[in-house]
Amino acid sequence: MQQAINLIKSSDNILILTHKNPDGDAVGSVLGLAHALSCLDNKNVECFSKSEIPEVFKFLPGVSKIKNQIDPKHYDLVVLLDCAFFSRTGVDDIREIASSHNNLLIIDHHPKNKTEQDCILIIDDKASSAAILIYNLLKEMRIKITKNISDCLLTGIFTDTGGFQHSNTDPQSLETAAELMRKGSRIDKIAKNIFNGKNVPAIKLWGKALSRIQTDKNTKMAISYISKNDIEECGAKEEDASGLISIINTVSDAKFSLLLTESENKKIKGSLRSEDYKGIDVSEIARSLGGGGHKLASGFEMEGEDVENSVRRIREMILKNTTTLSS
Ligand SMILES: [Mn+2]
């Protein structure tokens, strides 16, 4: 931690970036850290996300600071948040950044055995969110937590714990949330923006996916899908499917749930969820399909154009590849 603090203090030009398809923790952590470092003297802080920031997070203060292009200049420090590999940021030619910075700091809470080389790490896979790690870092640096910082970090904790409902909700998450509420942040406002700000096209899209949920005896999963056609017909956006997997995951007699989404450029995106008491590690399934993530929330991406065919194909692959299903 001290090494990271020294590095931050001695860097003037700092670039903060996160994984593509950023979630609330990614966006909240980037902005929380950016607000905090911008308060320090003589720091130029820039933020990057390859993907557009989902509409539901646009209430966060300073969201327009996140650019989707990197200014190709020299950075003293690049901070990678909520992931441990440049490849996760979706930047095509990573050498453009990698060669232009002196130091790399990774702050992440995903379980892993590898990270980028030659970097300073703040990694804790017991932490419910990257936002908690940022909070601890700022406390250690004695940076005053402003309302802007706390809104961003609380959003990160709130979303990564599924609104304090997932099994990663621990005393540290609640204590940190309480601290952030004392700075003036309000969970009800965050919840309203994230869960209750749905537009009609998004709800219609959820309806389509929910109406075709199937449970599968062999794989023990609840599965549904969204095609590009659905998104078009509903007048929705791909990001409107975010959060839907949690509803599919409420099917009681399934061990885990899977939502497949046909996305741009001939890719099928898969989101996997389970619950602690169901005794399954979905990250194992995700890894067998070329993805990764947490034990109870993982994802993968694969080539494919036809989502209905992919449902069949992926079901077979899951049956073949996964040993935990027999447990
Ligand atoms: Mn996270």
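Hydrogens, waters and symmetry mates play no part in the numbers below; they use all other heavy atoms, side chains included.
- In this structure, a donor-acceptor pair under 3.5 Å is absent between the side chains of Asp216 and Gln214.
- For the residue pair Asn44 / Asn13, a side-chain donor-acceptor distance below 3.5 Å is found, with atom types taken as modelled.
- For the 3.5 Å distance criterion, the side chains of Gln2 and Asn6 qualify, holding a donor opposite an acceptor.
- A donor-acceptor contact closer than 3.5 angstrom links the side chains of Asp281 and Ser283.
- If you chain together hydrophobic residues whose side chains sit under 4.5 Å apart, Leu17 and Phe85 never meet in one group.
- Evaluated for a salt bridge (Lys or Arg N to Asp or Glu O under 4.0 Å) with Glu52, the options Lys58, Lys237, Lys20 yield exactly one hit, Lys58.
- Nearest heavy atom pair, residue Pro201 against residue Cys234, reads CB-O, 3.1 Å.
- A single hydrophobic cluster is not seen to contain both Val56 and Ile245; linkage of ILVMFWY side chains at heavy-atom distances under 4.5 Å, directly or through other members, places them apart.
- Under 3.5 Å, the side chains of Asp160 and Ser129 contain no donor-acceptor pair of N or O atoms.
- A distance of 8.5 Å separates CZ of Arg312 from CZ of Arg315, quoted to the nearest 0.5 Å.
- A cation-pi contact links Arg212 to Tyr225, judged by a cut-off of 6.0 Å to the six-membered ring centre and 45° from its axis.
- Using modelled atom types, one finds no donor on one side chain facing an acceptor on the other under 3.5 Å when comparing Asp125 with His110.
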Are Ile134 and Leu153 close enough, and set up right, to give a side-chain contact (heavy atoms from CB on, under 4.5 Å), and what steps lead you there? CA-CA 8 Å; Ile134 306 278; Leu153 297 184; 3.9 Å; yes

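- Nearest heavy-atom pair across Lys255 and Ile280 is O-CG2, 3.4 Å.
- Looking only at atom types and distance, the side chain of Asp170 has a donor-acceptor partner in the side chain of Ser173 under 3.5 Å away.
- No hydrogens or angles considered: a donor-acceptor pair under 3.5 Å links the side chains of Ser185 and Asp151.
- Aromatic ring orientation, His294 versus His109: tilted (interplanar angle from 30° to 60°).
- Relative orientation of the Phe158 and Phe164 rings is perpendicular, given thresholds of 30° and 60° on the angle between their planes.
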With side-chain contact (heavy atoms from CB on, under 4.5 Å) as the test, would you mind laying out the steps for Asp108 and Ile122 before giving the verdict? CA-CA 7 Å; Asp108 191 21; Ile122 297 181; over 6 Å; no

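- Of the candidates Glu239, Glu262, Glu238, Glu238 is the only one forming a salt bridge (Lys or Arg N to Asp or Glu O under 4.0 Å) with Lys269.
- Shown here for Thr161 and Asn168, the closest heavy-atom pair between the two residues is CA-OD1, 3.4 Å.
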